[in-house]
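Keep in mind that what you see is a predicted model, and the values were worked out from it rather than measured. Each ligand, and each atom within it, is numbered from 1 in the order the structure gives. Residue numbers start at 1 and run along the sequence shown.
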Amino acid sequence: MAKKNVLFECQHCGFSTSRWMGKCTNCGAWDSLVELSEQQQEIVKLTASPTGTAKAKAITEVVETEVERFSSDDVELDLVLGGGIVPGSLTLIGGSPGVGKSTLLLKIGSNIAKQGKKTLYVTGEESEGQIKLRANRLNANSENLFLLSEIKLEQVLFELTQRRYECIIIDSIQTLYSEAITSAPGSVTQVRQITFDLMRIAKERKISIFIIGHITKEGSIAGPRILEHMVDTVLYFEGDSSQELRILRGFKNRFGATSEIGVFEMKAEGLISAKDISSRFFSKTNSQPGSALTVIMEGSRPIVLEVQALVSDSHSPNPKRQATGFENNRLNMLLALLERKLEIGLNQYDVFINITGGIKITETAADLAVLAAIISSFRNRAISKETIFIGEVSLVGDVREVFQLDLRLKEVALHKFTKAIVAKKPTDSFGLKCYEVNEVTKLIDWM
Ligand SMILES: Nc1ncnc2c1ncn2[C@@H]1O[C@H](COP(=O)(O)OP(=O)(O)O)[C@@H](O)[C@H]1O
Ligand SMILES: [Mg+2]
């Protein structure tokens with residue numbers, strides 16, 4: 001008789017082994033190993049290394065396929081998705097509780113339904129009555145929008161045989177479970193099986209599927225990371241429900257770029273595309289010490305932002321350095337540079353940085369503004385709100401030019417700022433007075 005293959009899998013991290021252990025050697029979780037059935041082992045193999053009979057072709061013989069898309073009737077979501085929803089795609093939307101995942105997707109579901117496409121909203125978190133209340137508030141009622149309050153995958157699959165759906169929303173992946181598997185909802189085996197089944201359905205029947213996923217405090221999807229690898233597109237909400245504007249950022253997109261962000265605002269009628277985005281992240285009035293303005297690029301859009309710094313006496317032998325919306329390591333580097341180059345010693349001070357509006361800065365063009373804000377707070381002297389700082393600061397203290405400076409300056413001029421501090425004078429300054437600061441020491445001189 002053929003020997004049975006035995007495989008155990010850790011339900012926390014997905015580590016697999018042929019021997020049962022009380023403690024996972026990979027993540028250290030206790031009693032988390034579960035034996036996989038042969039069918040589950042098949043899926044593991046399929047998702048890890050797909051098998052098939054496909055033969056390679058010369059690329060010159062391959063005919064390109066245009067990605068087909070339809071609009072979600074929401075400007076910002078279309079933008080993050082790379083131009084609209086791709087039929088047959090599987091999209092994961094993650095975010096912390098209360099950020100507006102259910103609100104956004106119920107509205108999107110109704111937008112799609114109103115285009116005549118049958119849409120199924122599966123909720124494992126709230127009752128039908130609660131969703132109906134929300135639908136009334138969002139003006140999301142449509143006879144093509146169907147509601148299923150269910151946590152069993154098998155029931156969802158059965159529902160799909162009842163109507164020709166073109167879009168499915170799963171709220172949330174952590175509450176859905178398959179009866180074929182004994183492990184708990186949200187565990188690696190469950191999530192893999194469910195995502196695998198949903199992926200198959202999406203591709204076979206060309207149904208666009210959105211999966212909502214909860215996020216841990218650390219900012220990653222709660223439970224297994226394998227989810228991110230399996231789906232076509234991953235979008236995350238940045239920040240939390242305390243922010244006025246909610247930002248949806250693309251992390252992975254098999255059908256387009258991931259550089260764009262979507263900006264939404266929570267209103268009584270739902271989480272809707274924010275208007276006039278470029279002027280929402282700064283205010284020109286009321287200049288105070290510790291505030292400096294910069295302009296960053298978010299995909300194709302320049303956005304003017306306010307960097308705030310607070311430098312205060314520390315009562316601890318290990319002063320605090322804390323940044324929200326800016327990388328902590330980068331802040332430490334800039335502080336070391338201040339000490340070394342500008343002889344501003346901040347080792348007796350706590351330093352806090354905050355980027356207004358809940359945006360996370362992912363580029364280096366804001367370095368100069370961060371330095372300016374820190375110096376301004378340290379000296380308790382305000383910087384004029386007419387000035388924008390644009391520049392990357394290097395480890396040796398020189399200020400470098402940033403990409404797409406002209407687009408940024410144009411935006412700055414549009415908002416009627418008058419001065420820009422840049423690494424090198426641009427050819428076209430769009431009517432702005434540009435000051436060259438190619439070394440951090442010159443920043444002090446200017447200030
Ligand atoms: N009646 C209401 N008017 C305006 N906003 C509301 C109302 N009820 C709830 N909200 C907002 O909706 C948010 C909840 O959104 P929800 O979509 O349930 O989040 P998630 O699904 O991401 O947990 C709350 O943070 C709250 O700000
Ligand atoms: Mg929800």
Would Arg408 and Phe403 count as a cation-pi pair here, with the cationic atom under 6.0 angstrom from the ring centre and within 45° of the axis?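 Yes, Arg408 lies over the aromatic ring of Phe403.
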Starting from atom 17 (O) of ligand 1, locate the nearest protein heavy atom and write down its residue, its atom name and how far away it is, to 0.1 Å.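 Its nearest protein heavy-atom neighbour is Thr103 OG1, 2.5 Å.
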Do Glu260 and Ser300 have side-chain heavy atoms sitting under 4.5 Å apart?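 Yes; the side chains approach each other to less than 4.5 Å.
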Between the candidates [options], which shows the shortest non-hydrogen contact distance to [atom]?
atom                    : options                        : answer
atom 21 (O) of ligand 1 : Ser96, Ser102, Gly98           : Ser102
atom 18 (O) of ligand 1 : Lys107, Arg134, Glu125         : Arg134
atom 8 (N) of ligand 1  : Met266, Arg137, Glu126, Lys101 : Arg137

May I ask you to list the atoms of ligand 1 that are less than 4.0 angstrom from any heavy atom of Pro97?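 Close to Pro97: 23 (O).
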Distance below 4.0 Å between atom 26 (C) of ligand 1 and any protein heavy atom?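 So atom 26 (C) of ligand 1 lacks protein heavy-atom neighbours under 4.0 Å.
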Measuring from the heavy atoms of Gly95, does anything fall under 4.0 Å of ligand 1?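 Outside the 4.0 Å threshold, so no.
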Nearest 0.5 Å please: distance from the OH atom of Tyr165 over to the OG1 atom of Thr119.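 The OH atom of Tyr165 sits 9.0 Å away from the OG1 atom of Thr119.
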Can you confirm, on distance only, whether ligand 1 has an N/O atom lying under 3.5 Å from any N/O atom belonging to Gly100?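 Yes, there is a polar N/O contact under 3.5 Å.
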Looking at the Mg ion (ligand 2), is one of the N, O or S atoms of Ser102 less than 2.8 Å from it?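 Checking Ser102: at least one N, O or S atom is under 2.8 Å.
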